[in-house]
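Please read the structure below before turning to the comments.
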Amino acid sequence: MIITGKYPNLRLRRNRKSDWSRRLVQENNLSINDLILPIFLIDGKNKKIPIKSMHGVYRYSINKLGTILDKAINKKIPMVALFPYTNPKIKDNFGTEALNENNLVCQAIKYIKKRYKNNIGIMCDVALDPYTSHGHDGILKKNIILNDETVSILTEQALLQAQMGCDVIAPSDMMDGRIKSIRNKLDKNNLHSVQILSYAVKYASSFYGPFRDAVGSKKLLKGNKKTYQMDFRNKNEALREVALDIKEGADMVMVKPGMPYLDIIRSVKDKFKIPVMAYQVSGEYSLIQNGIKKKIIDDKSIFESLMSFKRAGASAIVTYFADSLNFNLLD
Ligand code: PBG
């Protein structure tokens, strides 16, 4: 029970009277340890290509990854998340390129692990949307995304990524049963220590627009993802998704998008006590970034947005701001 006094004896402003006092009573904080940096990959050489809808975010060719990885490791960012922009010519109905052991993600994992060893974690998305000609996360047949057929392919994709050296497998596809299938496969192949971060709660969201642009699936996408991603009206269903994925073997869970779903993060954390990651997605990033660029808001707003995830109970945040934060602004 909270016992409160009464004005004028009780004045909550007393604790806020000066900087040192405010620092003493801080309830939450943010550090570089809380951040995961997404990186977009592109084929070719010497490329660092700006993404139009995401000011300050680029696609890197493999031989240019050093520039962003050096920066990330210098700043002590714990983990990067890799996303490929696949040449449209090699996309097909089945996302075959996802299982190519020489695809962009595999090349990037090998490059990073060789150069940087275990100084930074690598997380990889398990889903087919960067590889399919229809932009869906799974196999599309007669307007239906096939669940079990997709899970078999995703399981192979996860195994391949893990064999290349990926540390954290992150299925973002929202198919039923994929966590169990992936965990079994990894264990059978002696990859017991590879972690699974399940995008357990992923909503069908308009905030993914700039990301789809970045991986080149936006124009290709046929219809929407509502038959597998969640309805944003629902909360109990989110808890059921998390319960299932924990049972199937998830080590951590993700809630995505971020800021419109802080209530979900809090409920998942309270109920399951598992590490919960938040994804501040591309649309959220671009809204804030454009606001700063147009001087509608200032750059301290970035910290305000990130702290909301900490308050809600997130262990870490996937954010496109991770490499450019100036912690001196956090006063
Ligand atoms: C695809 C995937 C998406 C994102 C991460 N993985 C988009 C989607 O589901 O359409 C979105 C990330 C972002 O918007 O920053 N499986």
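Indexing begins at 1, ligand by ligand and atom by atom, following the structure's order.
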Taking the six-membered ring of Tyr208 as reference, does the NZ or CZ atom of Lys202 fall below 6.0 Å from its centre and within a 45° cone about the axis?
yes

For Asp263, is there an ion pair with Lys235 - N to carboxylate O distance below 4.0 angstrom?
yes

Of all the non-hydrogen atoms in the protein, which one sits nearest to [atom], and at what distance?
| atom | answer |
| --- | --- |
| atom 8 (C) of ligand 1 | Lys225 NZ, 3.3 Å |
| atom 5 (C) of ligand 1 | Lys256 NZ, 2.5 Å |
| atom 2 (C) of ligand 1 | Lys202 NZ, 3.2 Å |

For atom 1 (C) of ligand 1, tell me which residue out of Leu128, Val281, Asp129 has the closest non-hydrogen atom.
Asp129

Heavy-atom proximity to atom 3 (C) of ligand 1 ranks first, among Tyr199, Tyr208, Phe211, for Phe211

Using the benzene-type ring in the case of Trp, are the ring centres of Phe327 and Phe303 under 6.0 Å apart?
yes

Close aromatic pair by centroid cut-off 6.0 Å: Phe211 and Phe40:
yes

Is Gln229 close enough to touch ligand 1? Criterion: a residue heavy atom under 4.0 Å from a ligand atom.
yes

Distance-only side-chain donor-acceptor flag, Asp92 / Ser133, under 3.5 Å:
no

Assess the side chains of Ser286 and Asn290: does a donor N or O sit below 3.5 Å from an acceptor N or O?
no

When you look for heavy atoms under 4.0 Å from ligand 1, do you find them on the side chain of Asp125, its backbone, both, or neither?
side chain

Min N/O separation Ser282 to ligand 1 under 3.5 Å
yes

Near Ser172 (heavy-atom distance under 4.0 Å), the atoms of ligand 1 are 1 (C), 6 (N), 16 (N)

